[in-house]
Amino acid sequence: EVQLVESGGGLVQAGGSLRLSCAASGFTFDDYAIAWFRQAPGKEREGVSCISSSDSYTYYARSVKGRFTISSDNAKNTVYLQMNSLKPEDTAVYYCAAVSKRNWGPVTPFTTFYPYWGQGTQVTVSS
């Protein structure tokens, strides 16, 4: 059974940092791309970052590039999202999602259908 479990969310002041974790199980980590998405109240879900660790591939949405860093620890089957210089507009529920790389493309990683999702973790940035 595929499972994705996020952790690390919380309340932080603008300019602060948080590190989210996504612990994965039930699939071969190297065969999957894992992405972070977020959804703020009243807004559509948006892709934030994506990683394919076996290919050394990372991708960032324009809104977070230079502030967020995605990484993975393959020994722990865990993906991290280091978020620095947080802004109030980063406030959202953050989800990690996984897809087999057979069904995924690196050019437009957020338009892929991701069949596996975590439960989400709340990030709140106060001004």
Side-chain angles (χ1 to χ4, degrees):
E1 179 189 3
V2 173
Q3 281 195 322
L4 300 169
V5 180
E6 302 99 331
S7 61
L11 172 64
V12 65
Q13 287 189 331
S17 298
L18 283 174
R19 189 178 79 157
L20 306 183
S21 299
C22 172
S25 61
F27 59 88
T28 302
F29 199 65
D30 284 353
D31 293 341
Y32 279 66
I34 296 180
W36 286 96
F37 292 81
R38 67 185 181 187
Q39 188 163 22
K43 294 188 177 182
E44 289 190 357
R45 186 176 62 200
E46 64 170 335
V48 174
S49 186
C50 184
I51 188 167
S52 171
S53 58
S54 60
D55 307 313
S56 300
Y57 165 92
T58 59
Y59 185 92
Y60 298 94
R62 189 175 302 177
S63 57
V64 306
K65 200 167 187 178
R67 300 189 297 123
F68 290 10
T69 303
I70 194 168
S71 63
S72 67
D73 183 335
N74 288 15
K76 296 182 178 179
N77 282 8
T78 299
V79 171
Y80 304 99
L81 186 68
Q82 178 68 44
M83 306 186 296
N84 298 330
S85 303
L86 282 162
K87 304 175 182 180
E89 51 263 44
D90 294 318
T91 295
V93 178
Y94 283 71
Y95 301 90
C96 65
V99 61
S100 168
K101 286 192 287 186
R102 293 178 296 178
N103 302 319
W104 169 84
V107 177
T108 55
F110 300 141
T111 61
T112 299
F113 171 72
Y114 286 78
Y116 306 110
W117 292 80
Q119 82 288 352
T121 185
Q122 176 71 47
V123 171
T124 303
V125 184
S126 63
S127 57

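Heavy-atom basis, side chains included; hydrogens, waters and symmetry copies ignored.
- Taking both residues in full, the closest heavy atoms of L18 and L86 are given as N-CD1, 3.8 Å, listed atom of the first, atom of the second, then distance.
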Are W36 and V79 close enough, and set up right, to give a side-chain contact (heavy atoms from CB on, under 4.5 Å), and what steps lead you there?
CA-CA 9 Å; W36 286 96; V79 171; 3.6 Å; yes
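- Nearest approach of S17 to Q82, heavy atoms of both residues: CB-NE2, 3.9 Å.
- Of all the heavy atoms in A35 and Y114, the pair that sits closest is CB-OH, 3.6 Å.
- Counting only N and O atoms by type, the side chains of T28 and D30 include no donor and acceptor under 3.5 Å apart.
- You'll find the side chain of R38 reaches within 4.5 Å of the side chain of S63, heavy atoms only.
- Under the salt bridge (Lys or Arg N to Asp or Glu O under 4.0 Å) criterion, D73 pairs with no residue at all, not counting sequence neighbours.
- Under the 4.5 Å side-chain heavy-atom criterion for grouping Ile, Leu, Val, Met, Phe, Trp and Tyr, V2 is connected to I51 within one hydrophobic cluster.
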Apply the test side-chain contact (heavy atoms from CB on, under 4.5 Å) to residues M83 and V123: give CA-CA distance (whole Å), side-chain angles for both, the deciding distance (0.1 Å), then the verdict.
CA-CA 10 Å; M83 306 186 296; V123 171; 3.8 Å; yes
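- The OH atom of Y95 sits 6.0 Å away from the CD atom of Q39 when rounded to the nearest 0.5 Å.
- With a 4.5 Å cut-off on side-chain heavy atoms, S72 and I34 do not count as touching.
- Considering all non-hydrogen atoms of both residues, G9 and T121 come closest at N-OG1, 3.1 Å.
- Hydrophobic clustering (ILVMFWY, side-chain heavy atoms < 4.5 Å, transitive): V12 and V93 are in distinct clusters.
- Interatomic distance, NZ of K87 versus OG of S127, reported as 14.0 Å (0.5 Å rounding).
- Note: F37 and W117 have tilted aromatic rings, judged against thresholds of 30 and 60 degrees for the angle between ring planes.
- Between L4 and C22 the shortest heavy-atom distance is CD2-SG, 3.9 Å.
- The SG atom of C96 sits 7.5 Å away from atom CD of Q119, with the distance rounded to the nearest 0.5 Å.
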Before giving the answer on side-chain contact (heavy atoms from CB on, under 4.5 Å), spell out for F27 and Y116 the whole-Å C-alpha distance, their side-chain angles and the decisive distance to 0.1 Å.
CA-CA 11 Å; F27 59 88; Y116 306 110; 5.6 Å; no
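- Sequence neighbours left out, the pairs with a member in residues 41-80 that pass ring-ring contact (aromatic ring centres under 6.0 Å, His included) are Y57-W104, Y59-F110.
- The nearest pair of heavy atoms linking K76 to T78 is O-OG1, 2.9 Å.
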Quick one: do E89 and V125 satisfy side-chain contact (heavy atoms from CB on, under 4.5 Å)? Show the steps, please.
CA-CA 8 Å; E89 51 263 44; V125 184; over 6 Å; no
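- With rounding to the nearest 0.5 angstrom, the NZ atom of K43 is 9.5 Å from the OG1 atom of T91.
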